Amino acid sequence: MKLIAAFFDRPADIVAKELLGSLLCVKNKDGTVVRLPVSEVEAYLGPHDLACHSAKGRTLRTETMFGPPGTIYIYLIYGMYYMFNIVTGKRDYPAAVLIRGAGTYDGPGKLTKALGIDMQVNGHILGPASGIWIEEPKYMSPAEEIECAPRIGVDYAGEWAERELRFILNR
DNA sequence: GCAGTGATCATA
DNA sequence: ATGATCACTGCC
């Protein structure tokens, strides 16, 4: 069953945790679909979260974060790697969940490289039309299987860098 | 440990 | 126009 906008229209940390164990689905050019269970995510809560891109305001790059829940937010980092995020919360509320790992892939850059995800889908809505969607997990991951940790690479964010907004599925 | 890599944004 | 920064990775 595909997850729809209502699922993503909630705070990023809630959505992030519930995404663990759900299936990231990507349709290839030849029509086949890869389905990978999401294993690691990070929540970026909104403009007040100093680690969130939208804390720096509404710019060309962050514009897609202001889209409706379920929007795909892609950006290029270090000139080489595409980061795959899903926008959460209401339209015009800029928050998102970064998918850091799924299936056997760990690391957000390696994941998008392996799946061929790039700027082309930035701003698209999750679903068959974009070729990328999420299917709900068979059951919600119990708390004891979820490891919480600080987010990676956000040391500049002061006390927000310490917040445990990274979630890892250990099963 | 640190180099590679280039878009983005603030500053001018 | 210029320069700093960066939600990473792979090789030293």
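In what follows, chains are A, B, ... by sequence order, proteins preceding strands, each numbered from 1. These numbers were taken from a predicted model, which means no experiment stands behind them.
Atom CG of L76(A) and atom P of dT8(B) are 8 Å apart (whole Å). Y73(A) places its OH atom 10 Å from the P atom of dT8(B), with the value rounded to the nearest Å. The CD1-P distance, from I74(A) to dC8(C), rounds to 14 Å in whole Å. Atoms NE2 (H53(A)) and C1' (dC8(C)) sit 12 Å apart, rounded to a whole Å. Going from atom CG of D155(A) over to atom P of dT5(C) covers 14 Å, rounded to whole Å. As a whole-Å value, the separation of L50(A) CG from dC6(C) P is 13 Å. Between the C1' atom of dT8(B) and the CG atom of N122(A) lies a distance of 13 Å, rounded to the nearest Å.
Inter-residue side-chain proximity for N85(A) and I99(A) is flagged as unmet; no heavy-atom pair is nearer than 4.5 Å. Using a 4.5 Å cut-off on side-chain heavy atoms (C-beta onward), L36(A) and L115(A) make contact. Considering only heavy atoms from C-beta on, M65(A) comes within 4.5 Å of S54(A) through its side chain.
Of the charged side-chain nitrogens involved, at least one lies within less than 4.0 Å of a carboxylate oxygen, so that E145(A) and R171(A) count as a salt-bridged pair. By the 4.0 Å N-to-carboxylate-O rule, D13(A) lies too far from K17(A) to be salt-bridged with it. A salt bridge links E18(A) with R10(A): at least one charged nitrogen is closer than 4.0 Å to a carboxylate oxygen.
One N or O donor and one acceptor, one from the side chain of Y75(A) and one from the base of dA7(C), sit under 3.5 Å apart.
Shortest non-hydrogen contact noted between M119(A) and Y75(A) is SD-CA, 3.9 Å. Between F7(A) and V15(A) the shortest heavy-atom distance is O-CG2, 3.5 Å.
With values rounded to the nearest 0.5 angstrom, L3(A) atom CG is found 8.5 Å from L126(A) atom CG. To the nearest 0.5 Å, atom CD1 of residue I4(A) and atom CG of residue D9(A) are 10.5 Å apart.
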Can you name the atoms? Protein N/O to nucleotides 9-12 of chain C N/O, anything below 3.5 Å, with the distance.
unit_1	atom_1	unit_2	atom_2	d
dT9(C)	OP1	G107(A)	O	3.4
dT9(C)	OP1	P108(A)	N	3.1
dT9(C)	OP1	G109(A)	N	2.7
dT9(C)	OP1	K110(A)	N	3.1
dT9(C)	O4'	Y81(A)	OH	3.1

Protein and nucleotides 9-12 of chain B: nitrogen or oxygen contacts under 3.5 angstrom:
unit_1	atom_1	unit_2	atom_2	d
dC9(B)	OP1	T59(A)	OG1	2.4
dC9(B)	OP1	R61(A)	N	2.9

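Ring-plane geometry between W160(A) and H48(A) is classed as perpendicular, the angle between the planes exceeding 60 degrees on a 0 to 90 degree scale with a lower cut at 30.
In terms of phosphate contacts, Y78(A) brings no side-chain nitrogen or oxygen within less than 4.0 Å of OP1 or OP2 of dA7(B).
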Annotated structure of DNA chain C as dot-bracket, pair cut-off 3.5 Å, Watson-Crick or G-U only, | for inter-strand, is ||||||.||||.
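Counting any heavy atom pair closer than 4.0 Å across all strands shown, L98(A) reaches a base atom.
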